[in-house]
Each structure stands twice: as structure tokens, then as C-alpha cells.
Undergrad: 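Structure provided below as C-alpha cells; questions to follow.
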Amino acid sequence: MKLTTQVAVIGGGVVGCSVLYHLTKLGWTDVMLLERSELTSGSTWHAAGGFHTLNGDTNMAALQGYTIRLYKELEEITGMSCGLHHVGGVTLADNQDRFDMLLAERAKHRFMGLETEIVGPDEIKKIAPITNTDGIIGALYDPLDGHLDPSGTTHAYAKAARMGGATIETHCMVRETIQRTDGTWDVVTDKGTIHAEHIVNAGGLWAREVGAMAGVYFPLHPMEHQYLVTDSIPQIEAIIDAGGEHPHVMDPAGESYLRQEGRGLCIGFYEQPCKPWAVDGTPWEFGHELLPDDYDKITDSIEFAYKRFPVLAEAGVKSVIHGPFTFAPDGNPLVGPVPGMRNYWSACGVMAGFSQGGGVGLTLAQWMIEGEPERDVFAMDIARFGDWIGPGYTRPKVIENYQKRFSVAYPNEELPAARPNRTTPMYDIFSDLGAVWGQQYGLEVANYFAQGDDPGYETPSFRRSDAFEATGREVRAVRNGVGINEVHNFGKYRITGPGARDWLDRIMAGRIPKPGRLSLTPMLSPKGKLIGDFTVSCLAETEFQLTASYGSQAFHMRWFLQHQHDGVTIENISDRLNGFQIAGPKAATVLATCTRTNISNLTFLDVRRMTIGMTDCTVQRVSYTGDLGYEIYCDPMAQRQLWWTLWQAGQPHDMVPFGMRAMMSLRLDKFFGSWMSEFSPDYSAAETGLDRFIAFTKNTNFIGRSAAELERTEGTARKLVSFEVDADDADVNAYEPIWLDDKVVGFCTSGGYSHYVEKSTAMGFLPSDRVRDGLEVEIEILGQMRKARVISTPLFDADGERMRG
Ligand SMILES: Cc1cc2nc3c(=O)[nH]c(=O)nc-3n(C[C@H](O)[C@H](O)[C@H](O)COP(=O)(O)OP(=O)(O)OC[C@H]3O[C@@H](n4cnc5c(N)ncnc54)[C@H](O)[C@@H]3O)c2cc1C
């Protein structure tokens, strides 16, 4: 066995083998895979082998499309069969919400180039004749759906990797992973110790245990899962005899997936009485056995399936496959560099290895070899979870995710499991004021404040929700008076030391402000992609505060620490600094009554320390509402005291608390983009207009400079613009296609209702050469074409007089 390698991939399931293959494909050949038994000795061997592109996240869907297309390539390279059956599949909708979800998915597929189709009950009958379509409104047909041979496919990946130079050691159990001071690893195995520059944890069912060897907690949990294979069924035999094959049928109402297997059927369930497996750890001896049959937990599911597919009622069961596989709390994989670690990579938590394994392998190989993946992969980045996460949170979220695998995923839905988890001192006070809570990165965040007849729970919907009135009331209260909410859900960082300014100048593309001022700046990757959208506040020449998205803390800290140098200290103080923002025309009057500091000369983008009531605060003259506003930061221990000071001062001015729903409406008035909607690693600064904050004149080779300069000279093919939309009861959410001259020419990034101007608005990308004020387009919202016009003048305070005044 070779004892040194550039990369040691731990785990020979479909994911580890895909990572190994993609590393060789992208040019790293000194790579090896270590498998404690034979390849496919975890979840992989008992998978049903189904694959599909459907995924709520467009980038995940694109990677699933890549995975599926890869199988032919693998077969060609290796001469091995993956046992491919490209039979297509339908996902059924038995109610309007489910159908809305499919319409929204179909719309996204238009600009992704996926050839899916909405079909009605008659067509469903023709495509999947064993389906009882009673009560079915329609379905989404995907010609790419299909299934394969899990073992054959894994071995094809392995052979392709070997052909590319990789080594595979089976019966080679990894027992310890020990990091050397230079960041490389000693991987202690039964066959000897391997010195590896990088480690990839692809341990699947044992990923938790493999992670623990390096002191890393991986937020994933195994769940039991069961599918049945039937004896021959005459109707299926007839289809086969006629030269056909029955397609896949996903029946979300019955929480089942079904496909042809041999001359019968195979049907699996995501049952509600589901069971987590191996709660205290996966036994090392497990691997080649199945779990005992458990009909009890799928009794209801089977009964439902008999109605949907009556042929099943007559069919005998040939075999039951019952095994475990892992989920992350949101069901997406855990991929990328593990935050806080050097040269340690994650490729685990993959619950659909045959839909996603290729995309996971490609992404990880790009990240390791090229420094960044080609697209925004935040949806599967392990850094989307922070260090606050532990098994007590992961398990209930994983159970919830399993149960909701086939549920409608609404854009405004707040999932209930593992909540409330993290709260600020304001939780009870805001609850008493009617707060209806949502959740971000484990933190409770007020979405709106219910009063009178307002619902205390926002009903999930693709259309305008029942929080519409409350949101409108809060928006008007801010624009006409003054509103208050917390700044707890901002990511906050303290950058200090003699090297702080130089470090910021290199890491941020924008201007770094002088003491007492703040600036807005994009943070770019080397390829010029947006990896952050920051406010930089200079508190003193060697002391800065950064604010950005709360949910990106681990993502941003990982980047900061990877680029840290001497003379700079970087601290994540997101939960160590709290406070409020007050916004609206009366905000200055309220603040003035709470402090002895003269705030009349606190101008737009100023930052100053001052005492408010009894509390020492940092006050920034800026607001995401686009209004006259202040962000007021304090020690969380003093937050309640600060609250009572501001709240009492606000009462004569009819101050109201406002939530995130109002905030997102207010920002639309000003066309302010939002992180992960308008601003994400999928886009560049010039595409989104954030290049106006790039300091091209500064004398620093900031990261991403050459890419940004190239864009400045060459321009970009697409531009972010805003629209006024003739919507009905549904506004733009995200990824709706934009039509012009009967062609899809762009897509929306976000949208909603601008309560202040009483208009439906949206933001999205158009080809640069088509952009002009007033351009008439159509936006497809839930299957309906809605007229829309490009608008370039903000709907509120267009000249910025109020915001700056
Ligand atoms: C009943 C069932 C049906 C399924 N159906 C489908 C389906 O239709 N479609 C689909 O896409 N997915 C399906 N899945 C899920 C699919 O099986 C998984 O997504 C996939 O197998 C995950 O692969 P993996 O490589 O991440 O993990 P695993 O297959 O668990 O592989 C991990 C490997 O790492 C090795 N290993 C662990 N620790 C060590 C160590 N210390 N040293 C060396 N080696 C180690 C293990 O021996 C194992 O071989 C199903 C799962 C189940 C249970």
C-alpha cells in the first residue's frame, strides 16, 4: 500500500468513489480511497437506485442534472454498465398547492434548459397506466428520471478513477486521523499510516464517527428507510411484452415513489412514523446486513398506495429492503472545506447518492483543485450550519426532513421542529407584542407582529399570505412614523490590530472608511464572484466592525481565517453584539430624546459611540429599510434596558415593532438586493450593480481585482434590474422565467409586494443589451404570464433625500 498521497478519501460508497473519480478527472492523480470493507459497504448497496432532477434549489437541481448525464460518460470511459433505465417519471399533484409547486418548478426548468412538462390526468394515464388518477389535478413529467444499478455504478466510478491514476485500498479501516503542525494528516489504518495532504470524509453512515476522529461534529443523522419489491404483475408484464417499461411515479400525497423492477414493481415510502437509526453512533460491525422488516410503520402508506396503484393490492411481496441512510437537518448534502479545519473536506450527508453523487464529486474536486466551485453551492455547503449545531438539534430536524420529504415546500414556510432554539433577551417581550416567529440559522426572528384579527400563524402559501395585512401595516408605520426591530440577525465581526486596515483592503473590494465612517463593499472570490456584501464600520484606526448576512457566519469566517495574516485579529461577534434598528421619518427625534450626544451632525454613513439610556452603544446612521434610520448595537446583557429606553421614547411618536416581512417589502421600494437572492456566488459585482462600490482607484491588489477589472472593460452579458409586475394574488418569489418576444431571456431573483407604493415588484436578470427603462416583458408566475415593466427609479425616496437628510 502506498503510504503518502495528496488526498485520502475515507469511504468507498457511491459518494467517495465519485469524489475520487472527479479528482482524477480534474487533474489530481496522486489520490487514494480507503474503504474498511468492500466498496458499497454502507447505504450504497441497498439503495433503490432511483434518480431525478427535481430539487427546490436550482443549483442543486442543476448538479442533479449533471449527475444523471454523467452515467453515460462513465459507461463509455469504463466499458462497464451502470444498469441505466431512463424511463422518465411523473410527480403527481392532488391539490392546488402541490400543483402550484410543480408549476413553479416547471417555470424554473425553462431557463435551466430542463425539458420537463406539466401533464393532465389523461396524459398521466397514458404515461403511467397503473395510476389511479382520481383526485389528481396534474403532474410534472421529467424525461430524465430513471434508475440504475447502485453497485455497478459505484464500481464504474471506481474503475474510472483507477484509470485516471487513483488507488483504492479495500479492507483498510481508518482508525485515527491526526493532524501535523504543517496542516497535513497522518491517517492511521489497519494496513499502516498514510501521510496525506488532504482528507475527505465520505464516511456515509459512519461520517459522524470518522469526523469525531478529528474532533469535528458533522450535523447528520441516519434514518431507517424501507422499500418493497413485488412478484410479477400481469399489467407490468403486458407493458414489457409490448416493448415498454413503466416509468417512475412519485406520489407526494402517499409519500411514495414507485418504479418497475423486473416484471413487478418496487415501491418505497417516506412514512410519518419514521425512525431515526443508531442514535448514539453507527456500529462499526454494521454494513452487510439489512434491518428487520417493519410493516407496522408503513401500514397507512401501503393502504394509500393500494388506492393509487390498485395492481399492488393483488401483488405478492418478493422482498423487503430496509436499511439506513443519512440526512443533514435540511436534507441537502454536507460538502466543502470544514470550517475551522485545514485540509479537511466533507462529502457526506448525501441522502440521494444516485441523484446527487456526481454533482457532489464535481463540486468538491473543483473546490479542492481550483479553489472555488463553478457555481453557488451554498445549499450544500457544510458552512451553512454554524458551531451552535449539535445532535440535539440535528435529530429532530432530520426526522422532520424525512417526514416532509414529499411535502409541499412553501416559500414562506417556517418549519416547527427544534424550535425555539436560540433566542435573544427580546423573545418574551416581542412575543407579548404579538411576534410571529421565523427561524434563521437556528435563531428566532420576528416575521411580523400580529394584532387584532391578524393570524398568530402565517399559513404557508405560494400566493400572498394571510400576513399580508400585518406586513402592510408595519411598512406604513415605518414610512410614516418610526419602527423598531432587532439587529440580532446580522452577522457581525470585529477586526482589530495594526494590520486590520491592510487586511480589509485586500479582502474587500470596496473602500475602507476612515474612523467614524462606514462604507458598503462587495467581497469577491478570485474569479470575481460575489462571496459577501458587507458594511464596514471604522470605529478606530485599528478597530473595525463588519456586518453581513447572519446565515453566512461560518461561510464568511472560513474565508476570513483562510486569508488571515499577522497583525490582524478576527472575531465573530454575531451573538456577542445585539441591539435594534429604528427607522422612519421620526427615528432621529426618538434617538435624540434618549441620548445626551448631539446627533444632529451624525450624517448618513457615520458611526459613533454614545450612551443611550444607561447603555453604551455603537450607533450607525444607515438602514436597510432605505429610510432615515439608525442601527444601534449594544452588549446583549443590556438589550432589555436599551429596549425600554427606545420603546418609551418612541411611544409619543407611535413607534411600532416591525418584522422581517416588512423589512423585505421596504427594501424592495429602494431596489436593495438581498444576500443569496440578488447577491450570491452565482453572480459578479458588475452583473448586480455592486461594482459601484468597488474601489478601483485604491492601491491594493484586492481579491478578485483582475476579474472585476476585466468585467469593467468588457461589460457583462446580463444585468440585474427591477420590475413593476401586474401580478394578481401571487408575487414573484424567485427563479420565475422572464419572457420577451416569446422567448425566456432571464429569470427573477426575488420579489414581493411593495406595500408603500401598493405595487408588486421584482428583481431579476436580463441580457444587458435588452435593458432599458420601461421595457415590457412577461414574468411567468405559477403558470400565468404576468406583464411587467423594467423600472429604474426607486419607488421611495428616489433622490435619497430622506435617507441622507
Ligand atoms: C433503503 C434505501 C433506499 C435508497 N434508495 C435510493 C435511491 O433510490 N436513490 C438514491 O439516490 N439514493 C437512495 N438511497 C440513499 C443512498 O443509498 C445514499 O445516498 C448513498 O448510498 C450514500 O452514499 P455514501 O457514499 O455517502 O455512503 P455509504 O454508502 O454509507 O458509504 C460509506 C462508506 O464508507 C466506509 N467507511 C466508513 N468509515 C470508514 C472508515 N473509518 N475507514 C474506511 N472506510 C470507512 C463504509 O464502509 C462505506 O462503504 C437509499 C437508501 C436506502 C437505505
Side-chain angles (χ1 to χ4, degrees), residues 11 13 15 42-43 46-47 56 201-226 255 268-284 286-287 290-292 294 296-298 301 322-335 338-340 346-353 356 379-407 409 413-423 437-444 551 553-554:
V15 175
S43 298
H46 42 60
N201 180 352
L205 281 177
W206 296 267
R208 292 175 297 174
E209 286 70 25
V210 171
M213 292 174 192
V216 184
Y217 171 67
F218 281 82
L220 53 84
H221 201 285
M223 295 293 294
E224 296 181 359
H225 184 62
Q226 199 164 214
E255 297 167 329
F269 304 102
Y270 281 87
E271 69 285 358
Q272 291 305 303
C274 58
K275 292 183 185 163
W277 183 75
V279 171
D280 296 316
T282 304
W284 286 112
F286 186 81
L290 289 170
L291 306 176
D294 186 348
D296 285 351
K297 64 178 180 179
I298 56 172
S301 309
H322 191 201
F325 65 141
T326 60
F327 286 71
D330 58 4
N332 277 342
L334 299 168
V335 181
V338 175
S346 173
C348 47
V350 185
M351 58 76 55
Q356 300 173 333
M380 64 173 176
D381 188 341
I382 184 167
R384 70 190 184 279
F385 299 109
D387 53 13
W388 49 269
I389 203 166
Y393 176 89
T394 301
R395 196 166 62 250
K397 287 307 278 184
V398 164
I399 292 170
E400 176 184 69
N401 195 275
Y402 185 100
Q403 290 170 328
K404 291 188 82 69
R405 172 94 175 99
F406 278 134
S407 299
E413 187 170 16
E414 297 289 355
L415 299 174
R419 291 185 51 207
N421 182 17
R422 294 167 68 75
T423 59
W437 296 98
Q439 187 270 152
Q440 278 177 15
Y441 200 65
L443 178 72
E444 292 296 309
Q553 285 172 60

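Note that this is a predicted model, so its numbers are computed, not measured. Position 1 is the first residue of the sequence; numbering continues from there.
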Undergrad: Heavy atoms only: give me the nearest I298-Q226 pair and the separation to one decimal.
TA: CD1-NE2, 3.5 Å
Undergrad: Enter the distance from D330:CG to K404:NZ here, rounded to the nearest 0.5 Å.
TA: 14.0 Å
Undergrad: Could you walk me through whether Q439 and L415 pass the side chain to side chain contact (heavy atoms under 4.5 Å, CB included) test, one step at a time?
TA: CA-CA 8 Å; Q439 187 270 152; L415 299 174; over 6 Å; no
Undergrad: How many angstroms lie between CD1 in I382 and CG in L220, if you round to the nearest 0.5 Å?
TA: 8.5 Å
Undergrad: Looking at P276, is its backbone amide N or carbonyl O close enough to the side chain of E224 to form a donor-acceptor pair, meaning the two atoms are under 3.5 Å apart?
TA: no
Undergrad: For the residue pair F218 and A207, what are the closest heavy atoms and their distance?
TA: CD1-O, 4.0 Å
Undergrad: With distance as the sole criterion, is a donor-acceptor pair present between the side chains of K297 and H322 under 3.5 Å?
TA: yes
Undergrad: Can you find a pair of side-chain heavy atoms, one from P416 and one from E400, that are under 4.5 Å apart?
TA: yes
Undergrad: Return the set of residues passing salt bridge (charged side-chain N to carboxylate O under 4.0 Å, His left out) with D387 (not counting sequence neighbours), or none when no residue passes.
TA: none
Undergrad: Do M351 and M223 touch side chain to side chain, with heavy atoms closer than 4.5 Å?
TA: no
Undergrad: What residues form a salt bridge (charged side-chain N to carboxylate O under 4.0 Å, His left out) with R395, not counting sequence neighbours?
TA: none
Undergrad: Where is the tightest heavy-atom contact between P396 and A418, given as atom of each residue plus distance?
TA: CG-CB, 4.1 Å
Undergrad: To the nearest 0.5 Å, what is the distance between SG (C274) and CG (D294)?
TA: 11.5 Å
Undergrad: Provide the closest heavy-atom pair for P329 versus Y393 in the form atom of the first, atom of the second, distance.
TA: CB-CE2, 4.4 Å
Undergrad: Under 4.0 Å between a side-chain nitrogen and a carboxylate oxygen: does that hold for E271 and R405?
TA: no
Undergrad: Decide yes or no on side chain to side chain contact (heavy atoms under 4.5 Å, CB included) for T326 and W277, but give the supporting numbers first.
TA: CA-CA 9 Å; T326 60; W277 183 75; over 6 Å; no
Undergrad: Side-chain contact, heavy-atom cut-off 4.5 Å: I399 with K275?
TA: no
Undergrad: In terms of ring plane angle, is the pair H225 and F325 parallel, tilted or perpendicular, where the classes change at 30° and 60°?
TA: tilted
Undergrad: Just wondering, do V15 and Q356 contact through their side chains at under 4.5 Å, heavy atoms?
TA: no
Undergrad: For a quick test of reading the model, state the closest non-hydrogen atom pair linking G42 to L205 and the distance between them.
TA: C-CD1, 4.0 Å
Undergrad: Given 3.5 Å as the limit, does a donor-acceptor pair link the side chain of E255 with the main chain of S301, or not?
TA: no
Undergrad: If I take atom NZ from residue K397 and atom CG from residue N421, how far apart are they, to the nearest 0.5 angstrom?
TA: 9.5 Å
Undergrad: Taking side chain to side chain contact (heavy atoms under 4.5 Å, CB included) as the definition, give me every residue that meets it alongside T423, ordered by chain and number, with sequence neighbours left out.
TA: P420, Y427, E444
Undergrad: Please confirm whether the backbone N or O of P324 pairs with a side-chain atom of S43, one donor and one acceptor, at under 3.5 Å?
TA: yes
Undergrad: Ignoring hydrogens and angles, tell me if any N or O in the side chain of N201 forms a donor-acceptor pair with the backbone of S346 under 3.5 Å.
TA: no
Undergrad: Mind checking ring-ring contact (aromatic ring centres under 6.0 Å, His included) for Y441 and listing every partner two or more places apart, or none if nothing turns up?
TA: W388, Y550
Undergrad: For N401, check side chain to side chain contact (heavy atoms under 4.5 Å, CB included) against everything at least two apart and list the hits.
TA: F327
Undergrad: To the closest 0.5 Å, what do you measure between CH2 (W437) and CG (L443)?
TA: 8.5 Å
Undergrad: Quick test of your reading: applying side chain to side chain donor-acceptor pair (under 3.5 Å), list the pairs with at least one residue in residues 202-217, sequence neighbours left out, ordered by first then second residue.
TA: R208-T282, Y217-T394
